[in-house]
Amino acid sequence: MRKGLRIALATATGAAVLAAGAAITTVTPASAGVASAARFANPAVSGIDLSSDKFIPPYSSDKITFKVHLTSAYVDKDKPAKVTVQYLRPDESESSAHNADVTQLGSVSSVPSDNKADVSGSIPLSSSDKPGDWKYRVGVTAGGAAADANPTFGAWTTMAIAKATRVDSANVDPDPVYLKSGKEVDVYAAFHLEKFGDEKITDVRLESKDSDDYYSLTTGLEADDSYHDSTSMDYSTSTGGWQLRISISRGTKKYSFTKAFQVSKSGSSKAKSKITLYASPSKVKKGKATKLYGKVYRGSKAWSKKILKLYFKKKGTKKWKFVGYVGATSTGKYTKSVKPKYDGYWRTTAAATSLTYGSLSNIKFVDVK
């Protein structure tokens, strides 16, 4: 079913839910060495809860959250215990231990009657990390201990980190899609989902990158975790850049995967392109920089991420010399700082594609003093 208003899909990870973790043997921390220490039992760890989402993110970064339970959190109201959590990636030795991020306890107006407190923190994960058996351990330093006192650690505990969710073999057929007046064009979408947990497909759609136009598809998978569905596009469909977007949930996390394709109208000419070019300042001292900047358009809209070529022609000559490449942003804007040695002319060019004509920018003269 086609919709005229795109629903925003979350690509960032959601809040992690803490689940009960294995109990950790109580450890005795480094002694505070102060008189008030006798008033309370030494701080100790009764257990730790780890978030249930323990898997490598498919892109970018994420974290495993935890909560350490202290049974003796304070030596005095302004002397809280300090918690250190260390972790090891697969195949790392103990000498390579990393410190997790921990939000330490602060001073309190009075020590809780049960002298208990929870300390939260997180272990970072990156898409480049390896899945497998990670390890962690918890250490505690008593409140009031010397600044250089070492924490007393419990034993290393294994923590299995699963593989990242993957989408492969994503395909849209045909690509480009050529719309025909008075007819509907069947468009097929396919991909394969590599499942390493409780992944669920929450949304699949073909959506325009430049407008609110989109077509919703089904969310069911075949027995082998492959996906196949189709829709029909009519002549009123927006032309330009489109993408297949696959939205997936896993635990409390949400991810989106995309595959780009093009939609054009059959029999119509290619879209025209245009480049603007400015120089600031247009008069510079030799060895000083000037900024060349402008914007590249595809039709009436920005040509997102287009790679342009920059050329220079020395005053009094006839030959243009290639200087280098300049990349446009998602809004079509580009900028390049140069230090010209000679008076001369500058211009940028955009190469043609199957759907867009190439173009040359206007020429800018830079006077070198």
Side-chain angles (χ1 to χ4, degrees), residues 1-21 49-67 87 89 100-101 103 120-132 134 159-172 189-231 241-261 304-305 330:
M1 179 176 64
R2 182 181 179 189
K3 301 291 184 182
L5 178 64
R6 181 183 305 169
I7 300 173
L9 297 173
T11 59
T13 58
V17 177
L18 296 179
D49 291 343
L50 292 167
S51 60
S52 58
D53 299 323
K54 293 189 285 292
F55 48 81
I56 301 298
Y59 49 79
S60 189
S61 59
D62 206 340
K63 61 182 68 175
I64 299 171
T65 59
F66 58 78
K67 187 177 290 185
Y87 65 94
R89 299 183 181 92
D101 295 325
T103 302
S120 300
S122 62
I123 296 172
L125 289 174
S126 169
S127 59
S128 60
D129 285 330
K130 293 182 179 179
W134 292 43
M159 173 176 58
I161 305 296
K163 293 182 179 179
T165 299
R166 299 292 183 194
V167 170
D168 58 30
S169 304
N171 182 59
V172 176
F191 61 87
H192 180 266
L193 174 62
E194 291 189 60
K195 297 179 68 175
F196 298 107
D198 61 345
E199 289 94 337
K200 297 179 179 64
I201 297 178
T202 59
D203 188 78
V204 181
R205 63 180 60 193
L206 304 176
E207 61 182 21
S208 169
K209 294 182 180 180
D210 304 316
S211 72
D212 292 330
D213 205 2
Y214 74 86
Y215 292 81
S216 290
L217 302 178
T218 60
T219 57
L221 287 174
E222 305 290 342
D224 61 353
D225 293 330
S226 65
Y227 177 93
H228 304 275
D229 196 15
S230 65
T231 189
W242 279 63
Q243 62 188 7
L244 164 64
R245 179 182 289 274
I246 306 149
S247 299
I248 296 173
S249 67
R250 181 177 182 180
T252 65
K253 310 296 183 181
K254 295 180 180 179
Y255 302 104
S256 288
F257 301 84
T258 61
K259 171 68 174 181
F261 67 101
S304 176
K305 305 295 181 67
S330 59

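Computed from a predicted model, the values in this text were never measured in an experiment.
Rounding to the nearest 0.5 Å gives a distance of 9.5 Å between OG of Ser256 and CZ of Arg205. Put simply, CD1 on Ile161 and NZ on Lys54 are 7.0 Å apart, with the number rounded to the nearest 0.5 Å. To the nearest 0.5 Å, atom NZ of residue Lys209 and atom CH2 of residue Trp242 are 12.0 Å apart. To the nearest 0.5 Å, atoms NZ (Lys200) and OG (Ser249) are separated by 6.0 Å. Taken from CD1 in Ile246 to CD1 in Ile248, the straight-line distance is 6.5 Å, to the nearest 0.5 Å.
Of all heavy-atom pairs spanning Asp62 and Tyr255, the tightest one is OD2-OH, 3.7 Å. In this structure, Ala189 and Leu206 approach most closely via the heavy-atom pair CB-CD2, 4.5 Å. Considering all non-hydrogen atoms of both residues, Ala190 and His228 come closest at CB-ND1, 3.8 Å. Minimum interatomic distance between Ala100 and Phe66 (heavy atoms only, all atoms of both residues): CB-CE2, 3.9 Å. Pairing each heavy atom of Ser60 with each of Pro57, the nearest pair is O-CG, 4.1 Å. In this structure, Lys259 and Ala170 approach most closely via the heavy-atom pair CE-O, 3.6 Å.
A heavy-atom distance below 4.5 Å is not found between the side chains of Ser169 and Tyr227. Side-chain contact between Ile64 and Asp53: absent, with no pair of heavy atoms (C-beta onward) separated by less than 4.5 Å. Lys254 has its side chain out of reach of Ser247: every pair of non-hydrogen atoms, C-beta onward, lies at least 4.5 Å apart. His192 has its side chain within reach of Glu194: a pair of non-hydrogen atoms, C-beta onward, lies under 4.5 Å apart. Using a 4.5 Å heavy-atom threshold, the side chains of Ile56 and Leu125 count as touching. Side-chain contact between Thr165 and Leu193: present, with at least one pair of heavy atoms (C-beta onward) separated by less than 4.5 Å. Looking only at side-chain heavy atoms (C-beta outward), Met159 and Ile123 come within less than 4.5 Å of each other. Looking at Phe196 and Phe55, their side chains never come closer than 4.5 Å, going by heavy atoms from C-beta outward.
Between Phe257 and Tyr59, the ring planes are perpendicular. Angles over 60° get that label, and only those under 30° would be called parallel.
Electrostatic pairing of Arg245 and Asp203 does not count as a salt bridge here, judged by no charged N lying under 4.0 Å from a carboxylate O.
Under the rule for a salt bridge (charged side-chain N to carboxylate O under 4.0 Å, His left out), the partners of Arg250 that lie at least two apart in sequence or sit in another chain are Glu199.
The backbone N or O of Gly121 sits nowhere less than 3.5 Å from a side-chain atom of Asp101 that would complete a donor-acceptor pair. Side-chain atoms of Ser122 never come within 3.5 Å of backbone atoms of Thr65 as a donor-acceptor pair (strictly under, hydrogens ignored). Not a single donor-acceptor pair under 3.5 Å links the side chain of Asp229 to the backbone N or O of Leu217.
A 6.0 Å sphere centred on NZ of Lys163 holds no more than 12 heavy atoms belonging to other residues, nucleotides or ligands.
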